[in-house]
Amino acid sequence: MAQTVNEVTDLMSDKAGRPKSKIQIPATVKYLFMVLVLGLLVLILMMGGKALRDAPPANIYVSNQGLSTAQYRSLQDVMEQQQVSSFFTSDLQALRDITMGLAWVDQVSISRDWQRGIVVNALPKQAVANFGTERLVDAKGAVFVPADSRDLTQERFATLQGEMSQAPVIMQQMQQVNDWYAPLGMQVEDIILSPRMTWLIRFDNGLRVIVDNENTAQKLLNLSQLLGNQLSTRRDDMQSVDLRYKNGFTIAWNVTQSAESE
């Protein structure tokens, strides 16, 4: 019995001590496998790139939200002239730059949409005044030509005149003067900045004011205070006021007032 147990033990020991067989993969096979995998990846990338290049041009969708009919048509016409590539390869920044090139456009956003294609959303500048007779200007002093020429020279707007580069300065001056003279019921109707930096201002009550570029703000503020106090009873008799003096100013009276004075 003991001999049998020992024999079994020896058999088990021999089995346990036998070396386990391992399948050895040649290095050449591993190398070929890696080359095959890399080749497949390159082939997939090439096919994907070819598919993108051969894809039909993306559709450009122009949103009409916030745009007038004339503005929408203007933007639509420009976008129809653009040659775009596929949905993924189209240069959105280039389309944005082209859209911002329209004088009346204030803001623009361009995005990709699976259903509509490349979506163009634009917001127009909001005019607050006329600039000469052929342009408008917004609250920031940006001068632009509107999409619809019928929007030019609107009577409800004041008219600014001067160099286009000075438009922000003229707009700021008009807003400041309107704030000072609003308590008097007066608003700027025309404001001109000459090349010599002389200001010509005409109010909606007919009064004209001329002032130089020296202490301009203080002179205009002082005049508004005088018109509201010492000269309040004679305000309607004034034709123009010249503030181009260091100490004081001159007043030109209406013809009827001059005749009565004489």
So the ring pair (Phe, Tyr, Trp, His ring centres under 6.0 Å) pairs with at least one residue in residues 178-212 (sequence neighbours excluded) are Tyr181-Phe203
Handout entry: Candidate pair Ile118 and Ile110, rule side chain to side chain contact (heavy atoms under 4.5 Å, CB included), full reasoning
Key = CA-CA 7 Å; Ile118 297 176; Ile110 300 180; 3.6 Å; yes
Closest heavy-atom pair, Val145 versus Glu134, reported as atoms and distance to 0.1 Å, is CG2-O, 4.2 Å
Checklist entry - Has Arg73 got more than 12 heavy atoms of other residues, nucleotides or ligands less than 6.0 Å from its CZ? => result no
Requested in this report: State whether the number of non-hydrogen atoms from other residues, nucleotides or ligands found under 6.0 Å of Gln65 atom CD is greater than 12.
Outcome: no
Residues at least two apart in sequence or cross-chain that pass side chain to side chain contact (heavy atoms under 4.5 Å, CB included) with Asp212, listed by chain then number, are Glu214, Lys219, Arg244
**OP:** Indicate yes or no: at least one non-hydrogen side-chain atom of Ser224 is less than 4.5 angstrom from one of Leu221.
**Re:** yes
Review point. Could you go step by step and tell me if Val120 and Leu75 meet the side chain to side chain contact (heavy atoms under 4.5 Å, CB included) rule?
Key: CA-CA 9 Å; Val120 180; Leu75 182 55; 4.1 Å; yes
Quick one: do Ile191 and Leu200 satisfy side chain to side chain contact (heavy atoms under 4.5 Å, CB included)? Show the steps, please. CA-CA 6 Å; Ile191 181 169; Leu200 303 169; over 6 Å; no
Between Gly66 and Pro124, the two heavy atoms sitting closest are O-CD, 3.5 Å
### Query
Among the clusters formed by ILVMFWY side chains lying less than 4.5 Å apart, do Leu102 and Val108 turn up in the same one?
yes
Report task. Taking Arg202 for its side chain and Arg208 for its backbone only, find out whether a donor-acceptor pair lies under 3.5 Å. Result -> no
Cluster question for you: counting only ILVMFWY and a side-chain heavy-atom cut-off of under 4.5 Å, with indirect links fine, are Val84 and Met79 together?
yes
Exercise. Run the numbers on Asp106 and Lys140 for salt bridge (charged side-chain N to carboxylate O under 4.0 Å, His left out), then give the verdict.
Key: CA-CA 11 Å; Asp106 185 38; Lys140 296 178 289 187; 3.4 Å; yes
By side chain to side chain contact (heavy atoms under 4.5 Å, CB included), Gln187 pairs with (sequence neighbours left out) Asn178, Ala182, Asp204
| field | Same apolar cluster (I L V M F W Y, side chains within < 4.5 Å links), Leu207/Trp253 | value | yes
*Are the side chain of Ser90 and the backbone N or O of Leu92 linked by a donor-acceptor pair below 3.5 Å?*
no
Hey, are the side chains of Val62 and Glu80 touching, using non-hydrogen atoms and a 4.5 Å cut-off? no
- Task: Just do the side-chain hydrogen bond (donor to acceptor under 3.5 Å, both in side chains) check on Gln218 and Asn222 with the steps written out, would you?
- Result: CA-CA 6 Å; Gln218 190 61 50; Asn222 291 342; 2.9 Å; yes
Rounded to the nearest 0.5 angstrom, the CG-CD distance for Leu67 and Gln76 is 11.0 Å
By side chain to side chain donor-acceptor pair (under 3.5 Å), Asp179 pairs with (sequence neighbours left out) none
On a heavy-atom basis, the closest approach of Met238 and Val241 is SD-CG2, 4.2 Å
Taking every heavy atom of Leu160 against every heavy atom of Ala129, the minimum-distance pair comes out as CD1-CB, 3.5 Å
For residues 97-156, the ring pair (Phe, Tyr, Trp, His ring centres under 6.0 Å) pairs (sequence neighbours left out) are Phe87-Trp114, Phe88-Trp114
Value for CD1 (Ile60) from CD (Gln81), rounded to nearest 0.5 Å, stands at 11.0 Å
Sequence neighbours excluded, the answer for side chain to side chain donor-acceptor pair (under 3.5 Å) partners of Ser68 is Gln71
Result block: side-chain N/O donor-acceptor pairs under 3.5 angstrom for residues 162-176, not counting sequence neighbours:
none

Does Asn254 use its side chain to pair, donor to acceptor, with the backbone of Asp237 at less than 3.5 Å? yes
Does Leu243 belong to the same Ile/Leu/Val/Met/Phe/Trp/Tyr cluster as Leu184, with side-chain heavy atoms less than 4.5 Å apart forming each link? yes
The remaining residues in the hydrophobic cluster of Leu123, counting side-chain heavy-atom contacts under 4.5 Å among Ile, Leu, Val, Met, Phe, Trp and Tyr, are none
* To do: Establish whether Met186 and Val128 are linked, either directly or via other cluster members, by ILVMFWY side-chain heavy-atom contacts under 4.5 Å.
  => yes
Side chain to side chain contact (heavy atoms under 4.5 Å, CB included) filter on Thr159, not counting sequence neighbours, yields Asn130, Gln161, Asp190
query = For the side chain of Lys125 and the backbone of Val105, is there at least one donor-acceptor N/O pair under 3.5 Å apart?
reply = yes
Residues 224-252 vs ring pair (Phe, Tyr, Trp, His ring centres under 6.0 Å), sequence neighbours excluded, gives none
By side chain to side chain contact (heavy atoms under 4.5 Å, CB included), Asp113 pairs with (sequence neighbours left out) Gln115, Arg116, Val119
Side-chain polar contacts of residues 94-101 - donor-acceptor pairs under 3.5 angstrom, sequence neighbours left out - could you list them?
{"unit_1": "Asp97", "atom_1": "OD1", "unit_2": "Gln93", "atom_2": "NE2", "d": "2.9"}
{"unit_1": "Thr99", "atom_1": "OG1", "unit_2": "Leu95", "atom_2": "O", "d": "2.9"}

Less than 4.5 Å apart, any side-chain heavy atom of Ile251 and any of Leu231?
yes
